Amino acid sequence: MAPLDFSPLRRLILKGAGLAALTGLGQIGLGLPAAQAASDKYPEDAFKQKSDADAIKALYGRSADASEQIKLDAPEIAENGGVVPIAVITTLPGVTSISFLVSENPNALAASYVIPEGTVPSVANRLKMAKTSNVIAIVEANGKLYSATREVKVTVGGCGG
Amino acid sequence: MRACALFSSVLTALGFAVFVATALPPARAADAPDPAADAKAFRDYFVKKFPKVKLDDFVNGPYSMNEDMRKQWEEKEQFPPYEFALEAGKEMFATPFKNGKSYADCFANGGIGVRQNYPMFDEKEGKVVTLELALNRCREANGEKPYSYVKDEMASLTAYMAFTSRGKPFDIKIPADPRALEAYQEGKRYFYTRRGQLNFSCATCHVQSPGERIRAETLAPALGILNAMPIYRSEWSGMGTISRRFTTCNSQIRGVPLEPQSDEYRNLEYYLSYVSNGLPISGPGARP
Amino acid sequence: MSRTIGAIALAAVLLPATLIPARAASDADFKTAYAAADAAEKQAGALRNQWTTTEAALAAARKAAEAGDFDQAVAQAREADALAKASIFQATSEKEAWKALEIK
Amino acid sequence: MASTIRVRAINSGDITEVQALIQHPMDSGYVKDAQGQTIPAHFIQQLTFEYDGKAVFVADWGPAVSKDPYVKFAFKGAKKGDDLKVSWVDNKGASDATTAKIQ
């Protein structure tokens, strides 16, 4: 597969066009649904875990391997730790879920998204960050777990004066 | 121990004040105020200081001068956080008062597309009337209670009125009335006067250091700073009006804020808006 | 020049404020110190230039007095007084000094 | 009362891009109010988008999702004029739902 130049691709997606470019990529495999991702049940236990590793284990029951096929888009310096725009897009086939973790938050797991067949493996959301931290995106694809990590700097918010 | 810290901070502030006072050139004769020349000098200063920023882009505050922040902002603007306030404001604006009249009856052109004309100098009253003040006066004239000036309903209403005026250049007039010129001059004096224990003026941050970070914040340039009002500030986790911006700026420099819509703040808004004449209204805005 | 002298005079006022009183302070000492600070803060108010730190010191003085800690109450009141006087000094000197910052 | 949910669903060819903004405090349970009292955690736990009777996107959220949360995704198979159902439920059992027309 030809390497994708992500930034123009993302820009196209921002404009609401160009998504067709991705659609061939996401839906190969049979999408072996992992127990957690396929169920409608809220993963209470995973959200209660403190560390990123424990949260990933609680959510998926195994650990993830880093993948170049995940593009994690996050600012270098968050303008405000309360609202940090974070997005992920992947060219991995057979995606069934995408999750976001903020390692240094009191509870690392921030959000987990179920991606049924027919849904594009791309999510953008806004998360809170207590302090400078790694942000981890987990992609579950064809029953395997992949990850991408980026550090986002958070300066102390406000002055309380 | 706390006493020592305070003591030394007093001395620091004092030392600073003495330094400034003694470094002053001898008082020159008070030149007659010339608002048009002021506005030109003001604009020229920012254009020269930030040659890469397009004039109209100054209304986007810190986002005009920081690429990483601008990207986060563009992301936010896809579904802006002021959306709820804007919709609420639109609904409030359209809802008649108990007496059957509405906000539209209080404003030229039914209040649509007029934000760029505020504040205006009211020659009857002899004072500056801001949009926030005009809205509350409209309410009171129609038997309704005034709103808090700093957030919530007032922010929603001004958000909607700004939205209907987006793109229209600030068009603040100083009528041929000595009181209007005096109000302008007083606003200018307030803007440049150091206050608070930190001994900062508005200009210290927003003229001398825009684009720089102070604590966690990137400072906005004074040019165009009111064009984006009201704003959703992530730091506030909500909307705030011009009144909120002024009062929080004062307390951040450890000054006791004046009451919203006091003469000083009205004059300050008059001055700051006037020197941004020609720059487009961009409110409501989103800020860190 | 008069400004400099003013600052020195003010610094002289400040110094005793941080010294621990030789004897335990009384309610009357607190009232005297507080009245002076309060008067200075009112003057700063008339100049539209109060400081939040002055207000905080005044509040701390009242709280200490309520708790019967008059040493602390007097110390806080004197700090408030020093801060209020500094804010008055600032407002007074800024009456002309602001012009130095103006963009021309 | 006005809905807490704002949705924009825009179709282009086979793809429908969905953006949603929801009015919700998303209190983390780690913040204190002005009186020093901890504000109890109050956040949306699950947000579901349904098209044609099937879930096309399910968000499981913890309290680290920002106040007035925002999410964007895209799915295939819908047409302009179709309905997209959006619903959420929070940790206190409150909920809201709306149906948006795909544009």
Side-chain angles (χ1 to χ4, degrees), chain A residues 13-23 26-27 36-44 46-49 55 59 80-89 97-102 105-130, chain D residues 8-22 24-32 34 41 43-52 54-78 84 87-91 93 102-103:
Chain A
I13 288 165
L14 288 181
K15 287 177 186 154
L19 280 166
L22 269 181
T23 53
Q27 313 302 331
Q36 190 65 68
S39 85
D40 298 348
K41 202 176 164 304
Y42 180 72
E44 186 110 38
F47 278 107
K48 283 195 173 135
Q49 300 302 319
L59 191 59
N80 184 294
V83 193
V84 186
I86 295 170
V88 76
I89 185 165
S97 85
I98 295 176
S99 300
F100 294 90
L101 297 100
V102 180
N105 274 0
N107 304 97
L109 182 61
S112 182
Y113 299 95
V114 178
I115 311 287
E117 195 177 339
T119 294
V120 179
S122 163
V123 180
N125 59 185
R126 298 170 188 160
L127 304 178
K128 293 177 209 163
M129 293 184 62
Chain D
R8 270 183 222 145
I10 297 165
N11 175 267
S12 159
D14 193 33
I15 296 289
T16 300
E17 189 187 73
V18 182
Q19 293 183 90
L21 190 73
I22 298 161
H24 199 284
M26 298 302 284
D27 291 318
S28 67
Y30 291 102
V31 176
K32 289 197 170 90
F43 56 96
I44 293 175
Q45 289 190 316
Q46 205 161 52
L47 166 71
T48 308
F49 296 79
E50 285 173 76
Y51 170 73
D52 199 19
K54 283 195 307 260
V56 291
F57 191 74
V58 180
D60 288 326
W61 282 344
V65 171
S66 300
K67 181 192 171 192
D68 294 344
Y70 164 86
V71 72
K72 180 170 79 168
F73 71 98
F75 71 102
K76 292 192 295 179
L84 181 70
S87 58
W88 61 256
V89 58
D90 71 20
N91 66 324
I102 295 169
Q103 294 170 329

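All values derive from a computational prediction rather than experimental measurement. Quick note on labels: first sequence line is chain A, next is B, and so on, each numbered from 1.
Contact of D:Ser28 with chain A is made through backbone and side chain together, with heavy-atom distances under 4.5 Å. Looking at D:Phe49, neither its backbone nor its side chain comes within 4.5 Å of chain A, counting heavy atoms on both sides. When heavy atoms are compared at a cutoff of 4.5 Å, D:Leu21 approaches chain A solely by way of its side chain, counted from C-beta outward. Residue contact with chain D, scored on non-hydrogen atoms closer than 4.5 Å, is absent for A:Val102. For D:Lys67, the part sitting under 4.5 Å from any heavy atom of chain A is the backbone (N, CA, C, O) and nothing else.
A:Tyr113 is listed as a side-chain neighbour of D:Val71, based on a closest heavy-atom distance under 4.5 Å. Looking at D:Gln46 and A:Val114, their side chains never come closer than 4.5 Å, going by heavy atoms from C-beta outward. Put simply, the side chain of D:Asp60 reaches to within 4.5 Å of the side chain of A:Phe47, judged on heavy atoms.
Side chain to side chain, A:Asn107 and D:Tyr30 meet the donor-acceptor criterion of an N or O pair below 3.5 Å.
Nearest heavy atoms, A:Ile115 versus D:Phe57: CD1-CE1, 3.7 Å. Residues A:Val84 and D:Ser66 come closest through the heavy atom pair N-OG, 4.2 Å.
Here the CH2 atom belonging to D:Trp61 is positioned 7.5 Å from the CG atom belonging to A:Asn125, to the nearest 0.5 angstrom.
No donor-acceptor pair closer than 3.5 Å links the side chain of A:Thr119 to the backbone N or O of D:Phe75. Under the 3.5 Å distance criterion, the side-chain polar atoms of D:Lys54 are left unmatched by any main-chain donor or acceptor of A:Pro116.
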